[in-house]
*Asks:* 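One structure coming up, written as structure tokens, with questions to follow.
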Amino acid sequence: MQPETLVRDHTIYACVMGSRAFGLATETSDTDRRGVYLAPTPLFWGFTKPPTHVEGPADEQFSWELERFCALALRANPNILECLHSPLVEHVTPLGEELRSLRGAFLSRQAHETFTRYAAGQHKKLEADVRVHGAPRWKHAMHLLRLLMSCRDLLRTGELTIDVGEARDSLLAVKRGEVPWPEVDRRMTLLAEEAEKALLHTPLPAEPDRDRIESFLITARRTSALTAC
């Protein structure tokens with residue numbers, strides 16, 4: 001089965017991500033599409049397994065096979081968790097609805113480690129840009145601020161909200177390069193400190209509900225196998 005066929009015929013959940021989902025879109029923003037497909041169970045019975053992800057077939061489109069998606073979400077991958085919480089859902093099947101209903105089962109205190117580790121890596125790249133070019137890539141700086149806000153608020157509330165809301169104007173000012181780098185850097189440090197404090201009292205559990213997610217995946221695989229027989 002061709003990869004594009006998996007996306008076309010077996011997608012259970014598809015959404016828009018990026019600036020449009022974050023409430024940061026402008027007239028020039030791309031439309032980034034993300035999705036989850038369930039590869040038919042018989043495809044796993046031979047030596048050649050179905051792909052864990054597919055890029056395309058449309059521009060700015062990327063999809064994950066359900067098992068890979070769940071595995072990444074259980075590790076609190078920021079991009080995956082945010083995908084599940086997109087307010088811009090374009091396609092969802094009953095199985096996709098069940099996946100979305102499990103959003104809370106993926107959330108845990110592990111998010112602090114993964115979000116901040118990713119943020120630290122991005123911050124080093126921004127600092128390198130400042131040293132070499134005298135300024136960071138402002139769009140990347142904006143999105144790093146957004147990610148740090150998201151992490152802090154997740155730890156505070158136990159819920160992941162990806163639309164920036166009232167922070168839109170201040171973040172877009174960063175994207176336009178209207179805020180000096182030292183001030184942007186100060187805001188990043190403050191957000192990281194606020195996330196550390198929030199971790200001490202977060203309502204999030206220590207670990208995600210792996211058993212619940214695994215049960216969902218096994219049921220999906222079994223149903224697919226029975227349907228194919």
Side-chain angles (χ1 to χ4, degrees), residues 1-25 29-107 110-111 114-115 118 122 139-140 143 146-147 150 160-163 208-210 212-228:
M1 185 176 293
Q2 294 298 314
E4 56 268 24
T5 302
L6 288 170
V7 174
R8 186 187 67 233
D9 296 343
H10 299 282
T11 291
I12 64 171
Y13 172 66
C15 66
V16 172
M17 284 301 300
S19 293
R20 298 191 183 281
F22 301 143
L24 292 168
S29 295
D30 294 329
T31 299
D32 300 319
R33 289 184 165 86
R34 300 292 180 264
V36 182
Y37 59 90
L38 175 66
T41 300
L43 293 182
F44 292 90
W45 294 344
F47 289 121
T48 302
K49 309 301 180 185
T52 60
H53 60 271
V54 175
E55 187 170 355
D59 292 339
E60 308 298 334
Q61 183 180 11
F62 193 95
S63 301
W64 296 269
E65 206 283 323
L66 178 60
E67 182 176 345
R68 176 61 172 167
F69 185 88
C70 289
L72 291 172
L74 284 168
R75 297 205 294 267
N77 179 289
N79 293 324
I80 301 295
L81 292 181
E82 289 179 340
C83 181
L84 266 182
H85 289 77
S86 173
L88 304 178
V89 177
E90 292 193 318
H91 171 78
V92 63
T93 67
L95 185 62
E97 289 282 11
E98 189 174 353
L99 174 64
R100 277 176 58 84
S101 75
L102 292 171
R103 287 181 295 181
F106 290 103
L107 299 178
Q110 290 181 9
T114 55
F115 276 56
Y118 176 80
Q122 294 302 305
K139 180 179 178 180
H140 291 198
H143 280 298
R146 182 206 61 77
L147 181 73
S150 180
L160 183 60
T161 301
I162 68 173
D163 190 296
D209 194 340
R210 183 182 179 88
R212 187 178 173 195
I213 301 303
E214 188 171 45
S215 177
F216 161 73
L217 177 62
I218 290 172
T219 299
R221 291 274 191 249
R222 181 181 295 117
T223 300
S224 174
L226 293 173
T227 302

*Asks:* Please check this pair: side chain of T93 against backbone of G96, looking for a donor-acceptor N/O pair closer than 3.5 Å.
*Replies:*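 Flag set: sc T93 to bb G96 pair under 3.5 Å.
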*Asks:* More than 12 heavy atoms of other residues, nucleotides or ligands under 6.0 Å from NE2 of H91: yes or no?
*Replies:*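 For H91, atom NE2 is crowded (more than 12 foreign heavy atoms under 6.0 Å).
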*Asks:* Would you find a donor on one side and an acceptor on the other, under 3.5 Å apart, between the side chain of T41 and the backbone of R221?
*Replies:*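 Present.
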*Asks:* Got T223 and L95 here, is their nearest side-chain heavy-atom distance under 4.5 Å?
*Replies:*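 No; the side chains remain at least 4.5 Å from each other.
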*Asks:* Count the heavy atoms belonging to other residues, nucleotides or ligands that lie under 6.0 Å from CG of D9, then report whether that count exceeds 12.
*Replies:*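 Yes, enclosed.
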*Asks:* Would R146 and E82 count as a salt bridge (Lys or Arg N to Asp or Glu O under 4.0 Å) here? Give the steps.
*Replies:* CA-CA 12 Å; R146 182 206 61 77; E82 289 179 340; 3.0 Å; yes
*Asks:* What's the separation between atom CG in L147 and atom CD1 in I162, rounded to the nearest 0.5 Å?
*Replies:*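 Rounded to the nearest 0.5 Å, the CG-CD1 separation comes to 11.5 Å.
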*Asks:* Around atom CZ of R103, are there more than 12 heavy atoms of other residues, nucleotides or ligands at under 6.0 Å?
*Replies:*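 Buried by this count: over 12 neighbours within 6.0 Å.
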*Asks:* If only atom types and distance count, is the side chain of T114 paired as donor or acceptor with the main-chain N or O of A76 below 3.5 Å?
*Replies:*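 Yes, the answer is positive, given that a donor and an acceptor are paired below the 3.5 Å cut-off.
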*Asks:* When you compare the side chain of D209 with that of F216, does any pair of heavy atoms fall below 4.5 Å?
*Replies:*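 In short, these two side chains do not touch, never coming nearer than 4.5 Å.
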*Asks:* How long is the span from the CZ atom in F62 to the CZ atom in R34, to the nearest 0.5 Å?
*Replies:*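 F62 CZ to R34 CZ: 7.5 Å, rounded to 0.5 Å.
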*Asks:* May I ask you to check whether over 12 heavy atoms, not counting those of K139, lie within 6.0 Å of atom NZ?
*Replies:*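 No, because the 6.0 Å sphere around NZ of K139 holds 12 heavy atoms or fewer from other groups.
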*Asks:* Can you confirm whether more than 12 heavy atoms, excluding those of E90, are under 6.0 Å from its CD atom?
*Replies:*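 Enclosed: over 12 neighbouring heavy atoms sit under 6.0 Å from CD of E90.
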*Asks:* What is the distance from atom CG of L217 to atom CZ of F69, rounded to the nearest 0.5 Å?
*Replies:*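 Atom-to-atom, L217:CG and F69:CZ are 12.5 Å apart.
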*Asks:* Counting C-beta onward and ignoring hydrogens, is there a side-chain heavy-atom pair between T5 and R8 closer than 4.5 Å?
*Replies:*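 When only atoms from C-beta onward are counted, R8 and T5 do touch, with a gap below 4.5 Å.
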*Asks:* So among V36, V54, L38, which one has a side-chain contact (heavy atoms from CB on, under 4.5 Å) with E65?
*Replies:*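 So, applying the side-chain contact (heavy atoms from CB on, under 4.5 Å) to E65 and each of V36, V54, L38, only L38 qualifies.
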*Asks:* Verify salt bridge (Lys or Arg N to Asp or Glu O under 4.0 Å) between R212 and E98, making sure each step is shown before the conclusion.
*Replies:* CA-CA 12 Å; R212 187 178 173 195; E98 189 174 353; over 6 Å; no
*Asks:* Are the side chain of S224 and the backbone N or O of A220 linked by a donor-acceptor pair below 3.5 Å?
*Replies:*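 Checked: no pair found.
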*Asks:* Using distance only, find each side-chain donor-acceptor pair of residues 10-23 under 3.5 Å and give its atom names and separation, not counting sequence neighbours.
*Replies:*
unit_1, atom_1, unit_2, atom_2, d
T11, OG1, V7, O, 2.5
Y13, OH, C83, O, 2.7
Y13, OH, R100, NH1, 3.2
R20, NE, D30, O, 3.2
R20, NE, T31, OG1, 2.9
R20, NH2, S29, O, 2.7

*Asks:* Can you name the residues that form a side-chain hydrogen bond (donor to acceptor under 3.5 Å, both in side chains) with Y37, not counting sequence neighbours?
*Replies:*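 Applying side-chain hydrogen bond (donor to acceptor under 3.5 Å, both in side chains) to Y37 gives none.
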*Asks:* Does F106 reach the side chain of I80, with side-chain heavy atoms less than 4.5 Å apart?
*Replies:*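 Contact flag for F106/I80 side chains = no.
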*Asks:* Give the minimum heavy-atom separation between L6 and P40, together with the two atoms involved.
*Replies:*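 So the minimum-distance heavy-atom pair works out to CD2-CD, 3.9 Å.
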